[in-house]
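Positions are given from 1 along the sequence.
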Amino acid sequence: MASAYFYSSIIQFIVLLFFFISQLPSTSSHAAGIVFDLGRDSSTLQYWIKINQGTPLTSIKLVLDLGGKFPWLQCHKGSSSSFRRIKCTASPCGMVSNITCIPRKPCSIYPSNPVTQSVGNGELAIDLVTVKSNPDSKGVPVVSPDRYAFGCATTSNFLSGLFKGAEGVAGLGRSSYLSLVTQFAINYRLPRIFALELSGGFSNNVYFGGGPYIHPDFSSESNTNRVLEYTPLLINPKSSDDYFVDLKSIQIHGKTVPIDKKLLSINKVTGIGGTKIDIQTPHTTLETSIYKAVIKVYNEWAKSENITIVAAVAPFTSCYKSSTLPSWLESGFPISPPSLAFVFPKNQWNVAWWDLFKVNDAVHCVAFVDGGLMPLTSIVIGAAQIGFLEFDISRSRLGFMQPNYMSRF
């Protein structure tokens, strides 16, 4: 029991230091950052990371949830000798919203399943976790293993909806003190930054602590750091852990899609509307009126290019005969204007090649899904359109890379 209170005191101390640490300037002895390989389940299309946790170390697959408040897994009593439950009187318990605290009892929390949208029962705990340094960084390698707080779900069958083999969720919520982003920042003196590489070519990764983000440059037969542009992240008052951006318009082959501007703003009272990033969504989802407008512009473009429209393939409603598409689609070289652009207040994110989904050798479909008439969020930019993004929480900005031909393969 004494050791549990000791570890709780440590967590209390480092959390109090968090705001000072996150603002420290970088130095020559900065930590290297952390990188995980991203797996993707072919059936559910869920992305996951493998964490080595406990004593003895055990590999655990956790589904990545950008808006998750904290990492959690299904409880397995007695599986780790370094596992400790946190008392409700310890400070980490007070940093979790919507808790139940009974003196001398474990801190009761409520993990959320991002697939079923259900909320279960659980307890806050700590255990050892081993991580890997970013091999491309010249910083000091991180010291591992270290202790992390996580939710221990006690609700039976709470893994429902997660891919077969998943044991929980890795929450990367923006505002939560216990998200993996914040815990890595505290433990290793890293900025609160993470980046997703979902281009699907050589590897998929998630980086914590910033770059460098190295990728092959086939034009020069060398490696190069990714060049990013930035746009501000917005805060949704009803969903502060999610990542919203100030999308002003959508352009398709240079034509601006007519969209009701009210749908693009976030209601300050209800939190309804706006645009967020979510890799739980395989393809970008649009409110019905936006979806219909987007499809109309695509079909107008297709007719102007003599592209043959074919039968729809669910969940898509607008599909084309592949052999009639322009040659640039297979060449992978940049086109102007871009096939798809998300327009922000001061710049735009060109999303080339990922706006059409290859169903088979004969059919490509417009890779957007109808999200219904009254969704909570008007536009959800999904995994298929992401490519590479950096979420810089410390500066409240989203970094994106303009597409180039080598990133497509």
Side-chain angles (χ1 to χ4, degrees), residues 34-54 57-76 79-80 109-122 127 129-132 148 150-173 179-181 194-208 241-243 276-285 313-316 354 357-359 367 369 371 380-389 391:
I34 299 166
V35 63
F36 289 92
D37 294 332
L38 271 178
R40 195 183 196 195
D41 178 65
S42 60
S43 176
T44 63
L45 302 182
Q46 295 167 5
Y47 284 94
W48 53 269
I49 60 173
K50 183 185 294 183
I51 286 184
N52 294 318
Q53 179 176 339
L57 285 175
T58 303
S59 292
I60 298 173
K61 293 179 180 179
L62 302 179
V63 173
L64 215 59
D65 180 15
L66 296 193
K69 293 181 179 297
F70 47 81
W72 64 264
L73 58 138
Q74 194 80 54
C75 276
H76 299 290
S79 59
S80 171
I109 60 173
Y110 303 96
S112 175
N113 184 318
V115 179
T116 63
Q117 300 297 311
S118 59
V119 176
N121 296 315
D127 207 346
V129 172
T130 299
V131 298
K132 181 177 69 174
Y148 292 89
F150 60 94
C152 180
T154 56
T155 299
S156 60
N157 301 319
F158 199 58
L159 299 176
S160 176
L162 305 184
F163 75 92
K164 185 178 181 179
E167 296 188 54
V169 167
L172 306 183
S179 79
L180 280 183
V181 186
F194 71 96
L196 296 173
E197 182 175 28
L198 307 182
S199 55
F202 296 93
S203 63
N204 294 318
N205 301 287
V206 55
Y207 301 86
F208 293 91
D241 279 299
D242 286 316
Y243 296 88
K276 75 173 181 178
I277 315 291
D278 182 15
I279 64 172
Q280 287 293 328
T281 303
H283 298 280
T284 295
T285 301
V313 179
F316 313 115
W354 291 291
F357 180 79
K358 184 177 181 180
V359 176
V369 177
V380 181
I381 300 177
Q385 282 77 38
I386 285 178
F388 188 94
L389 290 180
F391 300 80

Would you call [X] and [Y] a side-chain contact if the rule is heavy atoms closer than 4.5 Å?
X: F70; Y: I109; answer: yes
X: Q53; Y: T58; answer: no
X: D241; Y: S179; answer: no
X: D278; Y: D242; answer: no
X: F36; Y: I51; answer: yes
X: N113; Y: V169; answer: no
X: D65; Y: V63; answer: no
X: L66; Y: F194; answer: yes

Would you compute the distance between atom [atom1] of [X] and atom [atom2] of [Y] and round it to the nearest 0.5 angstrom?
X: F388; Y: N204; atom1: CZ; atom2: CG; result: 11.5 Å
X: I279; Y: Q46; atom1: CD1; atom2: CD; result: 10.0 Å
X: Q74; Y: I60; atom1: CD; atom2: CD1; result: 11.5 Å
X: L172; Y: L196; atom1: CG; atom2: CG; result: 7.5 Å
X: F150; Y: L62; atom1: CZ; atom2: CG; result: 10.0 Å
X: Y207; Y: I34; atom1: OH; atom2: CD1; result: 13.5 Å

- request: May I ask you to decide if the ring planes of W72 and F158 are parallel, tilted or perpendicular, using 30° and 60° as cut-offs?
  value: tilted
- request: Report the relative orientation of the aromatic rings in F357 and F316; use parallel for angles under 30°, tilted for 30 to 60°, perpendicular for over 60°.
  value: tilted
statement: All heavy atoms of L180 vs all of P71, minimum pair found to be CD2-CG, 3.9 Å
statement: Correct closest heavy-atom pair for D127 and S80 would be OD2-OG, 2.9 Å
- prompt: Does a donor on one side chain and an acceptor on the other come within less than 3.5 Å for N205 and E197?
  reply: yes
Under 3.5 Å: donor-acceptor pair, side chain of [X], backbone of [Y]:
X: T284; Y: G382; answer: yes
X: T155; Y: N121; answer: yes
X: T285; Y: H283; answer: yes
X: Q280; Y: L64; answer: yes

- request: Could you walk me through whether F391 and I277 pass the side-chain contact (heavy atoms from CB on, under 4.5 Å) test, one step at a time?
  value: CA-CA 10 Å; F391 300 80; I277 315 291; 3.9 Å; yes
message: Under the criterion side-chain contact (heavy atoms from CB on, under 4.5 Å), I'd like the reasoning laid out for K276 against Y243: C-alpha separation, chi angles, the key distance, then a yes or no.
response: CA-CA 5 Å; K276 75 173 181 178; Y243 296 88; 5.9 Å; no
message: Applying side-chain contact (heavy atoms from CB on, under 4.5 Å) to R40 and L198, what does each step give before you reach the verdict?
response: CA-CA 10 Å; R40 195 183 196 195; L198 307 182; over 6 Å; no
Test side-chain contact (heavy atoms from CB on, under 4.5 Å) applied to L38 and I49, step by step: CA-CA 5 Å; L38 271 178; I49 60 173; 3.5 Å; yes
message: Taking side-chain contact (heavy atoms from CB on, under 4.5 Å) as the criterion, tell me which of V369, T44, L45 meets it with P282.
response: L45
